[in-house]
Amino acid sequence: MRIIRTKDYKDLSRKTANILSAQVIIKPGCVLGLATGSSPLGTYEQLVEWYNKGDIDFSQVTSINLDEYRGLTHDHEQSYWYFMQKHFFSRINIRPDHVHVPDGANPNAEEACREYDRIIEEAGGIDCQLLGIGLDGHIGFNEPADAFQMGTHCVRLTQSTIEANKRFFSSADEVPREAYTMGIRNIMQARKVLLIASGEGKAAILKQAFFGPVTPRVPASILQIHQDFTLIADEAALSEIDAMK
Ligand code: F6R
């Protein structure tokens, strides 16, 4: 595990975008595993800026997003599909047929999840997976559990995640209760994994996930044993790890 320390969120976003753009330049037809949420917004913004300057070309890239709320269609403003279009895909030259997000509109969970595993496999696996981390240690929507879930699956969101995500909806009642998410195997099979975290709010979970035991109770902790895992975090997010020294 490598740790890249950044001064603040802006610095974190630039360094993360740097790694992703290097990946695209080295392998123009690469497969990027992408995340939604607040953490990657600055990274997408930076990549769009470099795209506009002509420094990066996404025309051969395939993207595979981590997760989607079950029951939300593409045109729902809180769907992760909508989020990715708004903040990233509609602003770069990625081919629409190269963009993948689990099909939240498919009520058949088994079918939606098997289909997503097939998409990942047919793409040849993920070259570089970008992750955020939930306050309970979730990655994608892999919530704390008794065992690591392997492939794409349907999850019931925990109260902590519903609380954290309600800021995007008019009320907590509006937050969908279930989601489709890539599993831990899908994430661990990515050739390179980046996890980004910013702000004091993430300090305790970073210490627990990366300096505590590997356990499905803290799903992100499994990344400790990934062969090419980089944590990119700002000083505030690293404060509890620093305090251990
Ligand atoms: C998003 C995702 C989630 C978020 C996590 C952190 O696709 O899979 O695991 O990465 O909830 O969210 P933020 O970045 O909003 O703190």
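Read the numbers this way: they start at 1 and go in the same order the structure lists the ligands and their atoms.
Here the heavy atom of the protein found nearest to atom 11 (O) of ligand 1 is His138 NE2, 2.7 Å. Nearest protein heavy-atom neighbour of atom 9 (O) of ligand 1: Gly140 O, 2.7 Å. When only non-hydrogen protein atoms are considered, atom 8 (O) of ligand 1 lies nearest to Asp67 OD2, 2.6 Å. Of the protein's heavy atoms, Lys202 NZ, 2.7 Å lies nearest to atom 16 (O) of ligand 1. Scanning all protein heavy atoms for the shortest distance to atom 6 (C) of ligand 1 gives Ile133 O, 3.4 Å. For atom 15 (O) of ligand 1, the nearest protein heavy atom (residue, atom name, distance) is Ser38 N, 2.8 Å. For atom 10 (O) of ligand 1, the nearest non-hydrogen atom of the protein is Gly132 CA, 3.3 Å. In this structure, atom 14 (O) of ligand 1 lies nearest to the protein heavy atom Ser39 OG, 2.5 Å.
In this structure a side-chain-to-backbone donor-acceptor pair under 3.5 Å is missing from Gln149 to Gly183. Although no hydrogens or angles enter the test, the distance criterion places a donor-acceptor pair under 3.5 Å between the side chain of His226 and the main chain of Ala190.
The aromatic rings of Phe141 and His138 sit tilted, their planes meeting at an angle between 30° and 60°.
The CD atom of Glu122 sits 10.0 Å away from the CD1 atom of Ile64 when rounded to the nearest 0.5 Å.
The side chain of Arg167, and not its backbone, has at least one atom closer than 4.0 Å to an atom of ligand 1 (non-hydrogen atoms only; side chain from C-beta on). By the criterion of a heavy-atom distance under 4.0 Å, both the backbone and the side chain of Thr36 are placed next to ligand 1.
Set against the non-hydrogen atoms of Leu66, the atoms of ligand 1 under 4.0 Å away are 8 (O).
Ligand 1 lies out of reach of Glu68, whose nearest heavy atom is not under 4.0 Å from it.
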Using the side-chain hydrogen bond (donor to acceptor under 3.5 Å, both in side chains) rule, take Glu143 and Thr161 through it: C-alpha gap first, then chi angles, then the decisive distance, then the call.
CA-CA 9 Å; Glu143 300 280 16; Thr161 301; 2.7 Å; yes
Would Ser171 and Asp173 count as a side-chain hydrogen bond (donor to acceptor under 3.5 Å, both in side chains) here? Give the steps.
CA-CA 5 Å; Ser171 73; Asp173 288 346; 4.6 Å; no
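Leu41 and Ile133 fall into different hydrophobic clusters, where Ile, Leu, Val, Met, Phe, Trp and Tyr residues are linked whenever their side-chain heavy atoms come under 4.5 Å apart, directly or through other members.
Aromatic pair Tyr69/Phe168: centroids not less than 6.0 angstrom apart.
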